[in-house]
Engineer: 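Structure provided below as structure tokens; questions to follow.
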Amino acid sequence: MVCIVALLVASSGLAASPPAHAADASQGARAFAGRTYEGVVSAHVKPPRGSGFRAVNRHGRGTAELQMTGKDTATLLLIGNVEKDNDASFAAEGRFVGADWRGGTEAMVTISGDGRIAGSGTVDGNQMDIRGRFEGRKLDVYVELRPLSATSGGFPAGTAFQFGYTLVDPVAIEPGSGDGDGCREIVYRTKLVPNLFGGTMSTVQVPECRR
């Protein structure tokens, strides 16, 4: 995971907001699976005060999906392209347990039946925190990594690498409709994505929105 914290990417952070709600409460977290969300990913690198390093802010495009991989399993994908393709991307493999989805090995992350996302732990020498929510067509996710030692890129221990995803499930549109708030086609590309919550790199089908 050192390769991830060396990237110049991060987040806008999430403000307090009303409780999330599932599209279909009877399905629990399964109601959020199979949708492709797309929008903006914001990136901040915040070194400790007095370290002599300057903060970095970047913005790019992002997509996300709770992608079904079996009858009771799914992978949470957060895909970000900031300075280059796939440089703010993470994956977490998990399964549905009751109304919830639970993923991760070294650190755990949960999507509750009402759409809340929460998780924390230590993975590959990084303190990790994730929080967010599904609400209607919207998905907001905030991820923060803090390395416990200096990174290969030279950033000191305690530097905050923050990734914020502000996404929406686009409305399907008909070709030639002129509607700019939607996808004419969702295509999938095979990519290697770091497993944020423990384990090796994951080979996943990454959704991309074509307008």
Engineer: Mark yes or no for whether R137, through its side chain, and V168, through its backbone, hold a donor-acceptor pair below 3.5 Å.
Structural biologist: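 Side chain of R137 to backbone of V168, a donor-acceptor pair under 3.5 Å: no, none is there.
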Engineer: Do you know which two heavy atoms are closest between A92 and V109, and how far apart they sit?
Structural biologist: CB-CG1, 4.3 Å
Engineer: Any side-chain to backbone donor/acceptor pair from W101 onto T110? Under 3.5 Å, distance only.
Structural biologist: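 No; judged by distance alone, with no hydrogens or angles, the pair does not exist.
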Engineer: Who pairs with T122 by side-chain hydrogen bond (donor to acceptor under 3.5 Å, both in side chains), at least two apart in sequence or on another chain?
Structural biologist: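 Per chain and number, T122 pairs via side-chain hydrogen bond (donor to acceptor under 3.5 Å, both in side chains) with no residue.
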Engineer: Looking at R35 and E65, does any basic side-chain N land under 4.0 Å from a carboxylate oxygen?
Structural biologist: no
Engineer: Considering non-hydrogen atoms only, spot the tightest contact between S120 and A107 and give its length.
Structural biologist: O-CB, 3.7 Å
Engineer: Using only atom types and a distance under 3.5 Å, with no angle test, would you say the side chain of D87 pairs donor to acceptor with the backbone of V82?
Structural biologist: yes
Engineer: Give me each pair satisfying salt bridge (charged side-chain N to carboxylate O under 4.0 Å, His left out) with a member in residues 153-164, each pair once, sequence neighbours excluded.
Structural biologist: none
Engineer: Under the rule for side-chain hydrogen bond (donor to acceptor under 3.5 Å, both in side chains), what residues qualify as partners of R30, not counting sequence neighbours?
Structural biologist: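 Expected list: D72.
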Engineer: Check whether V56 and L145 end up in the same hydrophobic cluster, where Ile, Leu, Val, Met, Phe, Trp and Tyr are linked by side-chain heavy atoms less than 4.5 Å apart.
Structural biologist: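 Result: yes, single cluster for both.
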Engineer: What are the two closest heavy atoms between P170 and T36, and how far apart are they?
Structural biologist: CD-O, 3.2 Å
Engineer: Taking all non-hydrogen atoms of both residues into account, name the closest pair between K71 and M68 and its distance.
Structural biologist: O-CE, 3.7 Å
Engineer: Suppose we call two aromatic rings close when their centres sit under 6.0 Å apart. Are Y37 and Y165 close by that rule?
Structural biologist: no
Engineer: What are the two closest non-hydrogen atoms of L66 and A29, and how far apart are they?
Structural biologist: CD2-O, 3.9 Å
Engineer: Suppose we screen for side-chain contact (heavy atoms from CB on, under 4.5 Å). Which residues come up paired with P156, at least two apart in sequence or across chains?
Structural biologist: P48, S51, F53, T159
Engineer: Can you tell me if D140 uses its side chain to pair, donor with acceptor, with the backbone of T166 under 3.5 Å?
Structural biologist: no
Engineer: Among V41, L76, I117, find the residue that satisfies the side chain to side chain contact (heavy atoms under 4.5 Å, CB included) test when tested with V141.
Structural biologist: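 Testing V141 for a side chain to side chain contact (heavy atoms under 4.5 Å, CB included) against V41, L76, I117 leaves exactly one candidate, I117.
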Engineer: Which heavy atom in S112 sits nearest to a heavy atom in F32, and how many Å separate them?
Structural biologist: O-CE1, 4.1 Å
Engineer: Look up atom CG in L77 and atom OG in S89, then write down how far apart they are to the nearest 0.5 Å.
Structural biologist: 9.0 Å
Engineer: Is there a side chain to side chain contact (heavy atoms under 4.5 Å, CB included) between M128 and N126? Walk through the geometry before answering.
Structural biologist: CA-CA 6 Å; M128 181 278 297; N126 300 295; 5.6 Å; no
Engineer: Rounded to the nearest 0.5 Å, what separates atom CD in E144 from atom NZ in K46?
Structural biologist: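 The NZ atom of K46 is 8.0 Å from CD of E144, to the nearest 0.5 Å.
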Engineer: Once side-chain hydrogen bond (donor to acceptor under 3.5 Å, both in side chains) is applied, do any residues pair with D100, and if so which ones, sequence neighbours excluded?
Structural biologist: none
Engineer: Who are the side-chain hydrogen bond (donor to acceptor under 3.5 Å, both in side chains) partners of T73, not counting sequence neighbours?
Structural biologist: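 Testing T73 for side-chain hydrogen bond (donor to acceptor under 3.5 Å, both in side chains), a comparison that skips the adjacent residues, returns T69.
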Engineer: For side chain to side chain contact (heavy atoms under 4.5 Å, CB included), just list the numbers for R102 and R95, CA-CA rounded to whole Å, side-chain angles, deciding distance to a tenth of an Å, and then say yes or no.
Structural biologist: CA-CA 6 Å; R102 300 176 187 175; R95 64 176 48 251; 5.8 Å; no
Engineer: Output the distance between atom OG1 (T75) and atom CD (Q67), rounded to the nearest 0.5 Å.
Structural biologist: 6.5 Å
